[in-house]
Amino acid sequence: MKQTALISAILLFAFHLALANEKPILVSADWLEQHKNDPDLVILQVNFLKLDYEQEHIAGARFLWPGWLAPDSPEGSMNVPDPAKAADVLQSLGISNTSHVVLCHPKNEVSAAARMFLMLEYLGLRGNVSFLNGGVEAWKQAGYPVTKEIPTYKPGKFKPKIQNLIVDKNFVVKNLESPSVTIVDARAKRFYDGDPTGYPRAGHIKGAVNIPFPELLDESNMFKSESALQGYFNPVLPDKNKEAVVYCFIGQTASVVYMAGRMLGYNMKLYDGSLQEWTRIPELPMEKTQN
């Protein structure tokens with residue numbers, strides 16, 4: 001009995017130590033200014049076009065193209081990357097397993113950077129990834145400069161440690177009525193309700209609840225306060241012990257809801273195929289909101 005109690009105490013201590021060492025998910029411009037020279041800190045600026053990054057970025061920030069960590073393929077958009085190829089990308093960006101990565105985005109491109117947050121956690125950096133709230137615009141609003149100077153840095157040493165954060169359609173089908181899993185539609189309510197989208201079928205996955213990703217952000221493209229975010233989660237996800245599997249059109253905007261859930265302590269996962277896949281398979285159940 002004493003040995004069992006000792007083991008339990010050690011595990012509990014290790015758990016709390018791990019929590020204590022986790023980096024903040026959201027950071028402010030002031031926080032980044034104070035920590036930008038920390039030895040293990042790496043700033044990644046997520047731009048769809050390298051030309052935009054070259055025109056303006058936070059000093060020291062390295063360019064991350066979303067396609068490197070969420071590549072398109074004939075099977076769909078924004079897929080899970082090959083771990084070895086992803087490791088090569090991260091090493092080329094100077095990232096190691098001990099790095100603290102801070103992601104930032106230009107203008108209103110929150111969802112692309114949020115998908116990169118998810119992918120870095122998936123690849124093994126959970127607890128070591130932060131997100132600059134408001135992105136480059138918030139940085140400039142705080143009075144800090146941007147630059148065109150391209151930084152130089154040494155390659156990192158990164159080994160993927162894949163986390164169970166991505167699920168497929170089979171998992172969703174199996175858990176449509178599971179008491180331990182909630183399926184979450186991250187799209188605007190009108191699409192959840194059944195407005196046409198150009199996809200083969202309208203509506204939402206049968207039984208899914210709705211947390212519209214645009215409502216989690218304010219007019220400055222910053223995440224709202226945790227209390228405000230909780231107001232969107234509580235009505236549909238009252239139990240934080242349940243798994244929450246979020247989806248959208250292609251798995252990009254759902255990443256915003258994933259991040260918000262992570263901040264609030266939920267067990268979040270992503271159905272990567274999302275409705276791009278689900279609506280094309282007739283036997284997979286969908287429904288529209290009844291008015």
Side-chain angles (χ1 to χ4, degrees), residues 25-26 76-78 80 110-111 114-115 117-118 121-122 131 163-218 223-291:
I25 291 178
L26 275 190
S77 304
M78 283 208 155
V80 173
V110 182
S111 62
R115 177 61 192 248
F117 177 93
L118 194 164
E121 291 211 322
Y122 166 79
F131 194 94
Q163 305 298 301
N164 183 25
L165 302 178
I166 308 291
V167 305
D168 61 13
K169 66 180 185 300
N170 297 325
F171 179 94
V172 176
V173 169
K174 182 180 178 181
N175 289 282
L176 286 177
E177 299 180 3
S178 171
S180 60
V181 177
T182 300
I183 310 300
V184 182
D185 190 313
R187 300 171 304 153
K189 186 177 184 299
R190 65 187 183 93
F191 297 128
Y192 171 85
D193 289 341
D195 274 6
T197 63
Y199 276 21
R201 293 183 289 160
H204 56 269
I205 293 175
K206 185 178 180 180
V209 300
N210 186 214
I211 301 179
F213 90 91
E215 298 184 24
L216 306 183
L217 307 170
D218 65 17
F223 279 93
K224 294 179 179 178
S225 68
E226 287 195 7
S227 60
L229 295 177
Q230 195 70 67
Y232 292 99
F233 278 71
N234 273 343
V236 295
L237 289 171
D239 185 359
K240 290 188 178 181
N241 292 318
K242 295 179 67 174
E243 288 184 341
V245 176
V246 65
Y247 73 88
C248 55
F249 287 112
I250 63 171
Q252 177 173 312
T253 56
S255 302
V256 176
V257 178
Y258 171 91
M259 271 195 64
R262 281 278 290 114
M263 285 184 268
L264 297 173
Y266 285 90
N267 182 8
M268 303 298 295
K269 293 185 177 180
L270 172 74
Y271 166 36
D272 193 29
S274 285
L275 290 186
Q276 185 179 58
E277 175 182 61
W278 191 274
T279 62
R280 286 174 165 81
I281 304 175
E283 60 268 27
L284 298 181
M286 294 189 68
E287 61 186 3
K288 297 181 182 179
T289 301
Q290 298 298 319
N291 295 320

Does the side-chain contact (heavy atoms from CB on, under 4.5 Å) test come out yes or no for Leu270 and Met78, once each step is laid out? CA-CA 12 Å; Leu270 172 74; Met78 283 208 155; over 6 Å; no
Would a 4.5 Å heavy-atom cut-off, applied to side chains only, mark Phe213 and Val246 as touching?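 Of all side-chain heavy-atom pairs linking Val246 with Phe213, none is under 4.5 Å.
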What I'd like to find out is whether the side chain of Val236 reaches to under 4.5 Å of the side chain of Asn210, using heavy atoms alone.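 Heavy-atom side-chain distance check fails, nothing below 4.5 Å.
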So, for [X] and [Y], which heavy atoms are closest and what is the spacing to 0.1 Å?
X	Y	result
Val257	Met268	O-CE, 3.7 Å
Ala202	Pro196	CB-CA, 4.4 Å
Val181	Val245	CG1-CG2, 3.9 Å
Ile166	Val80	CG2-CG2, 3.7 Å
Ala254	Cys248	N-SG, 3.2 Å

Taking atom NZ of Lys240 as the centre, does the number of heavy atoms from other residues, nucleotides or ligands within less than 6.0 Å exceed 12?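 Yes, because the 6.0 Å sphere around NZ of Lys240 holds more than 12 heavy atoms from other groups.
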Go through the structure and list residues passing side chain to side chain donor-acceptor pair (under 3.5 Å) with Lys189, not counting sequence neighbours.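 By the side chain to side chain donor-acceptor pair (under 3.5 Å) rule, Lys189 matches Asp193.
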Looking at residues at least two apart in the chain, or sitting in another chain, which of them share a side chain to side chain donor-acceptor pair (under 3.5 Å) with Asn234?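 Testing Asn234 for side chain to side chain donor-acceptor pair (under 3.5 Å), a comparison that skips the adjacent residues, returns Gln230.
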Could I get the full list of side chain to side chain contact (heavy atoms under 4.5 Å, CB included) partners for [X], not counting sequence neighbours?
X	answer
Glu215	Pro212, Tyr232
Thr197	Arg187, Phe191, Tyr199, Phe249
Thr182	Val184, Val209, Leu237, Lys242

Who passes salt bridge (Lys or Arg N to Asp or Glu O under 4.0 Å) against [X], sequence neighbours left out?
X	result
Glu243	Lys269
Arg201	none
Asp195	Arg190

Verdict with reasoning, Asp218 to Phe223, per side-chain contact (heavy atoms from CB on, under 4.5 Å): CA-CA 6 Å; Asp218 65 17; Phe223 279 93; over 6 Å; no
What pairs meet the side-chain hydrogen bond (donor to acceptor under 3.5 Å, both in side chains) rule with one or both residues in residues 273-287, with sequence neighbours excluded?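 The answer is Ser77-Gln276, His204-Glu287, Tyr271-Glu277.
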Per the side-chain hydrogen bond (donor to acceptor under 3.5 Å, both in side chains) rule, what does the pair list look like for residues 247-263, sequence neighbours excluded?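 side-chain hydrogen bond (donor to acceptor under 3.5 Å, both in side chains) check on residues 247-263 returns Ser111-Gln252, Glu121-Tyr258, Glu121-Arg262, Asp185-Tyr247.
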Who pairs with Phe233 by ring pair (Phe, Tyr, Trp, His ring centres under 6.0 Å), at least two apart in sequence or on another chain?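 Phe233 satisfies ring pair (Phe, Tyr, Trp, His ring centres under 6.0 Å) with Tyr266 only.
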Going by the rule ring pair (Phe, Tyr, Trp, His ring centres under 6.0 Å), which residues pair with Phe171 if we only count those two or more places apart in sequence or in a different chain?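 Expected list: none.
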What's the spacing between [X] [atom1] and [Y] [atom2] if we round to 0.5 Å?
X	Y	atom1	atom2	result
Leu264	Leu229	CG	CG	5.5 Å
Leu217	Lys224	CG	NZ	8.0 Å
Asp272	Leu165	CG	CG	11.5 Å
Glu177	Ile183	CD	CD1	11.5 Å

Full working for side-chain contact (heavy atoms from CB on, under 4.5 Å) between Lys169 and Leu284: CA-CA 9 Å; Lys169 66 180 185 300; Leu284 298 181; 4.1 Å; yes
Applying side-chain contact (heavy atoms from CB on, under 4.5 Å) to Leu176 and Ile205, what does each step give before you reach the verdict? CA-CA 9 Å; Leu176 286 177; Ile205 293 175; 3.7 Å; yes
